[in-house]
*Asks:* 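So that we are looking at the same thing, I have put the structure below in structure tokens.
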Amino acid sequence: MRKDIWFLIVNPTSGSFSGKRKWRKIATEFEAQELLFDFEFTTKPQHEYELVIEALEKGYRKFVSVGGDGTLHHIVNGLMEQKLVPQQELKVAVIPLGTGNDWVKTYKIPKNIKKAVAIIKAEYSVLQDIGHISLLNSEKKVFFNNVAGLGFDGYVVKRNERLKFLGAVSFLVSTVLSLASYKSTEFSIKAIEKQFTTKSLLTIVGVCQFSGGGMQLTKDVHPADGLFDVSVAKHFTLWKLLVNVVRLFNGSITNHPLVETFKTNEVTIETSAPNVFIQADGELIGTGGFTANILPKALVFVVLK
Ligand SMILES: Nc1ncnc2c1ncn2[C@@H]1O[C@H](COP(=O)(O)OP(=O)(O)OP(=O)(O)O)[C@@H](O)[C@H]1O
């Protein structure tokens, strides 16, 4: 029965082509740990959607994302969008091969292939919330499993597209380079719990804890509490940001007086500035404002116990 066989979707370009380089080792490890699997390589951006649908039609129900946060994001979107199989019957695991690998950090899934495969073998599963974004200036809707944001972090993702060859430090380099040129814009934040308008560097809406290659910009994260952790970074000057770079990575930035945090299950962020980038799980999804709703405990993930 294909429903018991893991279907691996392998992005050979993830992590500066680590997907391609490490594939043999991964397949050998699945065989060594006696896991039944089939696989398919992606051949173009966003190919994950098509592969998910084809695999579901063939009867697969258990998926492994072999790649980075973008690969996982597109697999999750395929699984959440499709109407062939109820989401409760599906499972998603990850072999992290990307540049940032931010989603796996919340669950402490290691990059070591043997250990990551052992986690899949153990198959310890948790239900996790999934975010659903509706763009305000188009009909586009996108799911996200980790963190979405508007403003500076979207700008960093845009800049990082050209710097990924630097590997894990690319996000830090992009952040520092972006600091000099980015201008804060006015955002209106609307949730039942809070409404305000402020000049903001960025606004982050998180299900999980890490983004931007290890930054911790959300507070008291619980991936299955049915709530987003929203952080609004107000008007940071270049100097204030530089002084606080370490706090971006250790999470204490969320206690800074210029950062407002709150929890909610729905938030709308509006901006009148034309080219404010939106990122979801490190993928650029558009510009302008959005509404984000949380879908509580919407998908099962295989994680470290
Ligand atoms: N065969 C392919 N050729 C080009 N792009 C691809 C291919 N397969 C998938 N993609 C796209 O590559 C993008 C980046 O992939 P991914 O995020 O997994 O790697 P990464 O950027 O190195 O890692 P991270 O997001 O963790 O930093 C995704 O948008 C994905 O859709």
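In each ligand, atom 1 is the first atom listed, and ligand 1 is the first ligand listed. Numbering starts at 1 and runs along the sequence shown.
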*Asks:* In terms of atom number and element, which parts of ligand 1 are under 4.0 angstrom from non-hydrogen atoms of Thr71?
*Replies:* 15 (O), 16 (P), 17 (O), 18 (O)
*Asks:* Name the closest protein heavy atom to atom 23 (O) of ligand 1, giving the residue it belongs to and the distance to 0.1 Å.
*Replies:* Thr99 N, 2.9 Å
*Asks:* So if I count the atoms of ligand 1 from 1 in the order they appear, which ones are less than 4.0 Å from some heavy atom of Gly70?
*Replies:* 16 (P), 17 (O), 18 (O), 25 (O)
*Asks:* Counting from 1, what ligand 1 atoms have a heavy atom of Gln46 closer than 4.0 Å?
*Replies:* 31 (O)
*Asks:* Of all the non-hydrogen atoms in the protein, which one sits nearest to atom 29 (O) of ligand 1, and at what distance?
*Replies:* Glu283 OE1, 2.5 Å
*Asks:* For Glu193 and Lys263, run salt bridge (charged side-chain N to carboxylate O under 4.0 Å, His left out): C-alpha distance rounded to whole Å, both residues' side-chain angles, the deciding distance at 0.1 Å, then the answer.
*Replies:* CA-CA 8 Å; Glu193 295 78 0; Lys263 290 179 187 283; over 6 Å; no
*Asks:* Under 4.0 Å from any heavy atom of Asn101, which atoms of ligand 1 are there?
*Replies:* 26 (O)
*Asks:* Checking side-chain hydrogen bond (donor to acceptor under 3.5 Å, both in side chains) between His74 and each of Glu283, Glu48, Glu50, His47, which is the one that passes?
*Replies:* Glu283
*Asks:* I need the Leu295 CG to Met80 CE distance, nearest 0.5 Å.
*Replies:* 5.0 Å
*Asks:* Between CZ of Arg2 and CG of Leu56, what distance do you get to the nearest 0.5 Å?
*Replies:* 12.0 Å
*Asks:* What protein heavy atom is closest to atom 8 (N) of ligand 1, reported as residue, atom name and distance in Å?
*Replies:* Thr42 OG1, 2.6 Å
*Asks:* Under 4.0 Å from a heavy atom of Gly100: give me the atoms of ligand 1 that qualify, with their elements.
*Replies:* 24 (P), 26 (O), 27 (O)
*Asks:* Below 3.5 Å, N or O to N or O, backbone or side chain included: is there any such pair between Gly67 and ligand 1?
*Replies:* no
*Asks:* Go through the structure and list residues passing ring-ring contact (aromatic ring centres under 6.0 Å, His included) with Phe210, not counting sequence neighbours.
*Replies:* none
*Asks:* Report, in ascending order of atom number, the atoms of ligand 1 lying under 4.0 Å from any heavy atom of Ser14.
*Replies:* 15 (O), 16 (P), 18 (O), 19 (O), 22 (O)
*Asks:* Looking at non-hydrogen atoms alone, which of Val10, Asn11, Leu284, Thr43 comes nearest to atom 10 (N) of ligand 1?
*Replies:* Asn11
